[in-house]
Every structure is written in C-alpha cells, then in structure tokens.
Amino acid sequence: MASEEPSQNPTGEENSEKKLSKKELAKLERQRKRQEAAAASAAAAVSAVTLDDPLAANYGDVPLTDLQSKEVSGRKWTEVRNLTNELKDAEVLIRGRAQSIRAVGKKMAFLVVRERGFTVQCVLTVAEGVVSPQMVKFATALSRESIVDIEGVVSGPGQAITGATQQVEIQVKKIYCVNKALPTLPINIEDAARSDVEIEQALQEGKQLVRVNQDTRLNFRVLDIRTPANQGIFRIQCQVENIFRQFLLSEGFIGIHTPKLIAGSSEGGSAVFKLDYKGTPACLAQSPQLHKQISICGDFGRVFEIGPVFRAEDSFTHRHLCEFTGLDVEMEIKEHYSEVMDIVDRLFVTMFDNLNETCAKELEAINRQYPFEKLKYLRKTLRLTFEEGVQMLKEAGVEVDPFGDLNTESERKLGQLVLEKYNTEFYILHRYPLAVRPFYTMPCYDNPKYSNSFDVFIRGEEIISGAQRVHVPEFLTERAQACGIDVKTISTYIDSFRYGAPPHGGFGVGLERVVMLFCALNNIRKTSLYPRDPQRIAP
C-alpha cells in the first residue's frame, strides 16, 4: 500500500552524513584522556590556592555526595528566562552552563550562563568579605559548557547587553561547579550557532570563521542541539504536535496507537525493515494506514495517531528519513471527501496562527541562524484540482503528463506560480490521477481516471497525502489485484470491511517535514532530533 507520507524515491540529491571512522574515534579517545589529565591538573592547582582563602566556602566543586539526593534544602531557584528588571536588587540562585568566560585582570571576570537557550551575564568583582581573587581565578579556570550554580544579586546595567538574551546582570556572591565539561570540545557552541550570513560577511572582510558542517553536527548532536536555533526548532516541533493533538480532540477525534511490528508490508511491496518475530517473518510498519482504517470500521468514527514510521528506501535527499514521526488522521465521511480537506484546512491554519503567536522567541532564535520569510497562507486554504495545476504549468511552458504524477521540479514550479497568482505558500491540490495513487483510493464518480485524493504543499514541497478510501471489500480486492498486490497478505485488512464499513478518508504528514518547511530549513535532518537515514543509525 502506498504511503500517506510522500513517497521516497532515491535521487542521489544529497549525500547522507558519514559515521566517524575507527581512526577518528581513536584520536578522539586519546584527546579525551589528555583533556581529563589537564582538567585534573588544573583542578589541583585551583584547590591549592583555596586553602588559605577565608572565602573558600563561597566557591568550588560540588562534592558528588551532595549531588546524590542527599537532602532537600528548600532553596528557591530562578530560571534564566525569568531574570528581568522586575527582579532588580533581588538575590537569586540559578543553574546553567558556563557559555563563555572572560577575565578582566585578576580582580574581575564575566561569565555568560545559559539555560535552555536563554543567557545572562554574571559579574565577579573582588570585594572584601564577598569575592576573593581566588574565587575569580576559580571562575576563569572553569571550562566552557560546565554546569554551574550561581548565587548573586540582580542588577540593571547602564547600557544594553549585547552578549546575552536577558537585559540584567547578576553580581556574583557564590559560584559552584556542579559538573565539569572537557577543556576542549569537539565543536564549540558559538561556532555551531553561527549563521552562513555571518561566515560570508567575515570572508568578505578577510576573516576566517569556523563553519560546522552537517555531518559534524550530527556526530556530536549532544552539543549541536544546545544552540539557540536548535532549542527553538525542537520547542516548535513540540508545539506542532501539541496543536495537532488538541485541535483534533476538539473536533471529536480519538487518539489511538497502532502496532509498529506487523506480519507483512503495509505499503504493497515497498522496501521494509525486515525482522524475525519469534520465528515468524515480520517488518516495521511503514504507515498506520491499515490499522487506522480498521479502527474506523470498529466505530471510533474519527481517529488520529502520532507515532514512528519506518521506510527502508535508500533515499538520499534533503527531505527523506528512514524513521520519522507520522501525524495520521482517519475519519468517517458523510457525503464528500472535501470533509477531510476541511479538517486539513482548519487544522493547519490554526497551527500556523498559533506558532506565529506563541513561539515568537523560538522563531526569532531560528531566524538569527537560518534567516527565513514568514510563511504566507490564506484564511481559507486555496484548493486547486490536479487538472487546474497541470494547466497552470502548461501555460508557464512546463509540460507534464496529465495522468502522471508531478516530479519535484514541477511541484516547486507550481508552488511558485501559486504564490505569484494567489499570494499563498500553502495550498491543496486534489483529484489526482488514479494511476498514481494507492490501490485503496476511491476513484472519482464522474471520471474513473481521476481519484478522490489530494496532496498539500508548503513552499512548493509536498507534505500531506490524503484521500477517500475504498470501503467496499469486493472493490478493494479488485483494486489490489489490479495493482499487483497479493490479496492474501492483506486479508485481515480487507476482511475488516466485510462487517459493515462506513465511507471514510484520511491523510498523513511527517512532523519533521512540517517544521522544516514552516521554518524554511533546507534539510530535514535539522528538524529530526536524532536522524536516521540510509547511512546513519547513531547517535
């Protein structure tokens, strides 16, 4: 059975990221050991100077025993994002990462502390009975990305702070290292957070800045996802999932969970990940298609699922993965498959509105590293028939098969034409040729060469496939055979329609692809937390 998520055709469009070689891993291990030895030596040196310091209790490494849930102190913690002028002169306790450390002589130091994408500048100034020179030395000896606890007083600087998100400072009274990072990191967060615009501008000025490429980012993903842009991307992804769920619940849908271990291919012969299931051949599900339809036959009426989807195709493109998160919907139809498109329309307009209204800071963080224009969409989503789309392409000098599918180039061209004519980057194309749709797709009543199906596009790329399904078992069997599918492999699926099945339809979309296109990112690996493609299964 064909996928609800756009099909994955190997194009060789982009090479996937490579794993580290044994030689590289061995080099990293040697480097790690040297760093640990250097860190131990530095810690010993700092420890030696604290012995004669009467303020030694105000700084230092937190003992492991204190971190083993030893006691509940009752101390109040303040999140960095909440540090504002309203807290001026208040004493606060924060925990975060030492993002940058700068000494100003021996009596002053600046630390920028980061917590979940938000940063604050912390100042240590030698003062009798409060901050000692040894304390400043301890702070400046910390390695970047170490986790620190800081106690101090919030103050308002006389001028704008450009190196932190929060426009207040903390005058440090106490500083403790909770956990040290290695002195030298495989990638620096500052480099990983740099935009291509900054790099190009520097080159024009004769400067060389570090560019962290995609494979390096993924090899050290734990560091890469600490950047402000990535913090924004995955918070937006969470919000997309949340809006999807809440909107559908408000429309009378029920969330379900279908099996990911199945006896046979769910996609009619497409490449699958095969496995042994207690001596029986099985595979990972490429779609919840069969089971969500069976659930409709089970009288749930309207269902949705958020879950993993697996594709074994060797697709080396900017938008395909071997594992992604599917957002799937299935629902009864009363009269017309436009009822499904109505849900798509209202769902995504609601989603886009919500993201623009509630994720301003996250979008701003993404935009700083990956500049993009806000998505253009209409209050009532544009719907064009496939024939109308073909005609627009023809008038623009692009010849396409009127009964074939659109290739990637044609889809992008049509997206450009739609934007110019209708001022929208989000639209629905429906009544696709039956020959290019899955066997379970309902043909059009007035022309069996076309089908009651649709695709949805964002910025010229397909994100959703949907349709009315064939719910009559005899016709479903006929369609499966016509498409070369062994009916025995889907007998349970077809049999579920023999006990009375309502007309129904649905759609599927990839979560990562929605975020990628909403934020105009150029690679789906940027919106997959730990991507799995044909050449990557780690970290």
Side-chain angles (χ1 to χ4, degrees), residues 3-8 229-249 251 253 255 287-288 304-309 311 315 317-330 340-341 343-359 362-363 365-367 370 372-378 381-382 408 411-412 415 418 424-429 454-466 506-533:
S3 159
E4 286 286 15
E5 173 68 11
S7 59
Q8 301 187 9
N230 278 330
Q231 288 289 310
I233 286 170
F234 293 106
R235 281 173 166 76
I236 283 176
Q237 187 180 95
C238 175
Q239 189 69 351
V240 168
E241 181 178 340
N242 184 50
I243 297 164
F244 179 83
R245 183 187 306 278
Q246 295 304 321
F247 176 87
L248 293 174
L249 289 172
E251 292 284 333
F253 285 76
S287 165
F304 71 89
E305 179 171 15
I306 302 171
V309 177
R311 302 290 168 80
S315 297
T317 78
H318 74 285
R319 63 178 189 171
H320 288 120
L321 293 170
C322 290
E323 179 184 352
F324 62 90
T325 302
L327 307 176
D328 276 270
V329 168
E330 204 72 22
V340 183
M341 292 190 287
I343 291 291
V344 172
D345 179 356
R346 290 185 286 112
L347 166 61
F348 280 86
V349 169
T350 298
M351 183 182 293
F352 300 151
D353 285 349
N354 189 292
L355 293 176
N356 286 326
E357 291 168 9
T358 65
C359 298
E362 288 80 4
L363 290 170
I366 297 169
N367 201 33
Y370 307 111
F372 68 96
E373 296 292 331
K374 271 190 173 183
L375 180 71
K376 294 181 179 178
Y377 57 99
L378 304 175
T381 301
L382 173 69
T408 301
E411 288 176 349
R412 287 175 178 165
V418 167
T424 181
E425 296 173 287
F426 178 72
Y427 72 98
I428 300 173
L429 194 66
F454 62 90
D455 283 353
V456 183
F457 296 85
I458 296 181
R459 302 188 195 268
E461 292 199 37
E462 180 187 349
I463 63 157
I464 296 175
S465 287
F507 61 89
V509 55
L511 173 62
E512 294 85 354
R513 197 174 289 188
V514 172
V515 179
M516 177 185 77
L517 293 172
F518 182 77
C519 297
L521 297 167
N522 63 1
N523 195 319
I524 200 165
R525 292 159 186 80
K526 286 185 170 72
T527 58
S528 177
L529 193 56
Y530 305 106
R532 296 291 179 259
D533 62 31

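Side-chain atoms are counted along with the backbone in the values below, which use heavy atoms only and exclude waters and symmetry mates.
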In short, L321 meets P531 closest at the heavy-atom pair CD2-CB, 4.0 Å
In this structure, CZ of F253 is separated from CG of L248 (nearest 0.5 Å) by 5.5 Å
Are any of the side-chain heavy atoms of M516 and L521 separated by less than 4.5 Å? yes
The reported gap from CZ in F518 to NZ in K374 (rounded to nearest 0.5 angstrom) is 8.0 Å
The reported gap from OG1 in T408 to CZ in R412 (rounded to nearest 0.5 angstrom) is 6.0 Å
F348 side chain reached by L375 side chain, heavy atoms, under 4.5 Å
no
Beyond-backbone contact of H320 with D533, side-chain heavy atoms, under 4.5 angstrom: no
Kindly list each side-chain donor-acceptor pair under 3.5 angstrom involving residues 231-241, sequence neighbours excluded, with atom names and distances?
{"residue": "Q231", "atom": "OE1", "partner": "R235", "partner atom": "NH1", "Å": "2.4"}
{"residue": "Q231", "atom": "NE2", "partner": "I225", "partner atom": "O", "Å": "2.9"}
{"residue": "Q237", "atom": "NE2", "partner": "T527", "partner atom": "O", "Å": "2.5"}
{"residue": "Q239", "atom": "NE2", "partner": "N354", "partner atom": "OD1", "Å": "2.9"}

For a 4.5 angstrom cut-off between non-hydrogen side-chain atoms, does I243 reach L355? yes
ask   = Does a side-chain heavy-atom distance below 4.5 Å link Y377 with D353?
value = yes
Sorted by chain and number, sequence neighbours left out, side-chain contact (heavy atoms from CB on, under 4.5 Å) with E305 holds for I256, H257, T258, K260, P288
Determine, step by step, whether F507 and V456 satisfy the side chain to side chain contact (heavy atoms under 4.5 Å, CB included) criterion, reporting the C-alpha distance in whole Å, the side-chain angles of both residues, the deciding distance to 0.1 Å, and the verdict. CA-CA 10 Å; F507 61 89; V456 183; over 6 Å; no
R346 meets the side-chain contact (heavy atoms from CB on, under 4.5 Å) criterion, sequence neighbours left out, with F247, E251, I343
Minimum side-chain heavy-atom gap E411-E461 below 4.5 Å: no
On a heavy-atom basis, the closest approach of L249 and F304 is CD2-CE2, 3.9 Å
Looking only at heavy atoms, the pair that brings L363 and C519 closest together is CD2-SG, 4.2 Å
Minimal heavy-atom distance between F372 and A520, with the atoms involved, is CB-CB, 3.6 Å
Across all chains, not counting sequence neighbours, the side-chain contact (heavy atoms from CB on, under 4.5 Å) partners of T325 are I306, L511, E512
State, yes or no, whether a side-chain contact exists between F324 and I524 at a heavy-atom distance under 4.5 Å. no
If only atom types and distance count, is the side chain of R319 paired as donor or acceptor with the main-chain N or O of R513 below 3.5 Å? no
Taken in chain and number order and not counting sequence neighbours, the residues that satisfy side-chain contact (heavy atoms from CB on, under 4.5 Å) with K376 are L419, N423, E425
Check whether any side-chain heavy atom of T381 sits under 4.5 Å from a side-chain heavy atom of V344, and report yes or no.
no
Contacts of Y370 meeting ring pair (Phe, Tyr, Trp, His ring centres under 6.0 Å) (sequence neighbours excluded), chain-then-number -> none
Taking every heavy atom of D455 against every heavy atom of S465, the minimum-distance pair comes out as OD1-OG, 3.0 Å
Could you tell me how the ring of F352 sits relative to the ring of F426: parallel (under 30°), tilted (30 to 60°) or perpendicular (over 60°)?
perpendicular
Rounded to the nearest 0.5 angstrom, the CG-CD1 distance for L327 and I464 is 9.0 Å
ask   = So, does R459 use its side chain to make a donor-acceptor pair with the main chain of L517 at under 3.5 Å?
value = yes
